[in-house]
Amino acid sequence: MREDFLLLNPGPVPLSRDVREAMSEPMVSHRSAAFETVYERAQNGLEYVFERSTLDESRTSAGGQALILNGTATMGMEGAVANLVDEDDELVAVVNGKFGRRFKRIAERHCEVTPVEFTWGSPVDTDAVADAVSDDTGVVTIVHNETSTGLLNPVEQVGEIAAAHDARFVVDGVTSIGGDEFRVDDWNVDIAVTDGQKALAAPPGISALYVADRVAQNIDGEDAPFYQDLDWHARKADQHQTPFTSAIPLFRGLSIAVEEIRHEGMGERIGRHRQQSAAFRDAIEAMGLSLFPELNAESEYSNTLTAVQMPPGARGDDSEAFFDAVNERGVSVSGGQAHLGGEIFRVSNMGNLTAEQLLRGVRVVGRAFEDIGVDVDAAAGVAAAEERLR
Ligand code: PLP
């Protein structure tokens, strides 16, 4: 791998040198004071991110606890759902992309599920959600930033609906938390989930949950999967440990990554992500390409990744040539997932990217299309991004 190879796929994202170095330190026991210090640093940094993801870094939660899991966000999603439901409980899953569908599929293994589904890439119609949620609903799930389509979903409005029926609200903030605004209490979020390798710019293989104090009493862990017994995790987290052997190098990387976020400050970080994603969108439109997601009054384009429709000449099997051309220029971007394969490509601006790295992504996308004979205005794309980043 070239030293300057640039990962612009929506996770894993590039790691800082300090994060990488922390992961190669000599091994310690997961029951040692040395490890407890690592856990505590990671937990403090995560609680800062979960609780202060606003432009002015004001606190958004009256109280809660960050738990760190040995496993990616899918494990966290299942942990969150399975600790809140019994098999007869009703859960409403809002689905408008691959990760909303993942929540639905997870929940189907643990309780009765009513999906509220929209075409992938279409916005959530909150009236349909309001029709589906009732006083019998135990839990509502939603993905804040749908990574498969580049849409920012109306978490605040859906949280209001859940709260009006006293349902618990579980939010996947995997590609928003650490890069965009996230408000725990204002949005009635009971449990939030995030992943290491996305906007936190930590290594893959580790995830975190934020459990608001108001929901902690609903979690007794007894019927939860053994590995994701959140009551047990919470008790061990009080001692800065995990119930089972911790993935020590990953925890070390995470502890540095969240301290780097704190050093930048969430306000700055949100502003930077918004500016960089707007620059990318401007570039795409100036090149003559089209953004993929559809918006309504309650939805927005993602501030952490951009999903773009493949132009004629690069669709379906022809998309391979585009991805190869991007790769040959030392950059990686992602294609569409499931039925969106060959239909879209996705570019991330999560983590600690500089404006220059973002511009490199814009240049490479434009040149890759030119390489394969697709007519785009690459120079106009770069100029538009430069203008926004100025
Ligand atoms: N949720 C969202 C929004 C994601 O983007 C992803 C991964 O891309 C996941 C959940 C699942 O993460 P993992 O595959 O790391 O478990």
Side-chain angles (χ1 to χ4, degrees), residues 7-15 46 49-50 53 67-82 93-107 109 118 120-121 123-124 140-155 158 169-182 189 191-210 225 227-228 247 250 253-254 257 273 277 292-293 299-307 332-338 340-341 344-351:
L7 284 175
L8 292 181
N9 42 281
V13 306
L15 301 179
L46 280 167
V49 175
F50 278 119
S53 282
L67 306 175
I68 309 165
L69 303 183
N70 284 327
T72 61
T74 304
M75 174 183 264
M77 293 161 83
E78 179 161 44
V81 167
V94 180
V95 179
N96 65 340
K98 177 178 167 160
F99 297 103
R101 184 182 69 177
R102 183 165 302 177
F103 246 152
K104 180 187 87 156
R105 287 180 166 173
I106 288 170
R109 296 190 177 206
F118 307 94
W120 292 14
V124 169
V140 177
T141 61
I142 193 169
V143 175
H144 184 204
N145 191 70
E146 185 44 84
T147 319
S148 61
T149 64
L151 253 183
L152 195 60
N153 282 327
V155 166
V158 173
F169 190 37
V170 179
V171 179
D172 170 336
V174 165
T175 48
S176 58
I177 292 168
D180 206 351
E181 184 174 46
F182 194 88
V189 179
I191 302 186
V193 187
T194 197
D195 223 347
Q197 79 276 17
K198 308 282 189 186
L200 298 178
I206 195 167
S207 59
L209 297 175
Y210 184 80
Y227 208 87
Q228 293 130 291
L250 306 183
L254 175 66
H273 279 78
S277 57
F292 172 66
S299 307
E300 290 170 42
Y301 290 122
S302 163
N303 295 309
T304 58
L305 74 117
T306 304
S332 103
V333 300
S334 292
Q337 294 167 297
L340 294 176
I344 65 172
F345 69 95
R346 297 170 302 135
V347 181
S348 156
N349 60 290
M350 286 183 280

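Whatever order the structure lists ligands and atoms in, that order sets their numbers, starting from 1.
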Task: Where ligand 1 meets Met77 - atom numbers and elements under 4.0 angstrom, heavy-atom basis - done: 10 (C)
- [ ] Number the atoms of ligand 1 from 1 as they appear, then name those within less than 4.0 Å of a heavy atom of Val143, with their elements.
- [x] 3 (C)
Task: Arg346 side chain to Gly335 backbone, donor-acceptor under 3.5 Å - done: yes
Task: Heavy-atom proximity to atom 12 (O) of ligand 1, best of Asp195, Thr147, Thr72 - done: Asp195
- [ ] Check ligand 1 against Gln197 and write out every atom of the ligand that is under 4.0 Å from a heavy-atom position of the residue.
- [x] 15 (O)
Task: Candidate list Thr304, Thr175, Asn303, test side chain to side chain donor-acceptor pair (under 3.5 Å), partner Asp180, passing option - done: Asn303
- [ ] Do me a favour and list the nearest non-hydrogen protein atom to atom 7 (C) of ligand 1 with residue, atom name and distance?
- [x] Lys198 NZ, 3.2 Å
- [ ] Determine whether Leu254 and Leu200 make a side-chain contact, defined as any pair of heavy atoms from C-beta on separated by less than 4.5 Å.
- [x] yes
Task: Ligand-residue contact atoms, ligand 1 with Thr74, heavy atoms, under 4.0 Å - done: 11 (C), 12 (O), 13 (P), 14 (O), 16 (O)
Open item on the list: Which residue and atom name correspond to the protein heavy atom nearest atom 6 (C) of ligand 1, and how close is it?
Closed with: Phe99 CE2, 3.2 Å
Open item on the list: Within the 4.0 Å heavy-atom shell around Asn145, which atoms of ligand 1 are there?
Closed with: 3 (C)
Task: Shortest protein heavy-atom distance from atom 1 (N) of ligand 1, along with the residue and atom involved - done: Asp172 OD2, 2.5 Å
- [ ] Would you indicate whether the side-chain heavy atoms of Glu78 and Tyr227 approach each other to under 4.5 Å?
- [x] no
Task: Element-labelled atoms of ligand 1 that are located less than 4.0 Å from some non-hydrogen atom of Arg102 - done: 11 (C), 14 (O)
Open item on the list: Any heavy-atom pair between the side chains of Leu340 and Phe292 that's under 4.5 Å?
Closed with: yes
Task: Minimum side-chain heavy-atom gap Ser348-Val13 below 4.5 Å - done: yes
- [ ] Please report the C-alpha distance between Phe50 and Ile177 in whole Å, then the side-chain angles of each, then the deciding distance to 0.1 Å, and finally whether the side chain to side chain contact (heavy atoms under 4.5 Å, CB included) criterion is met.
- [x] CA-CA 7 Å; Phe50 278 119; Ile177 292 168; 3.7 Å; yes
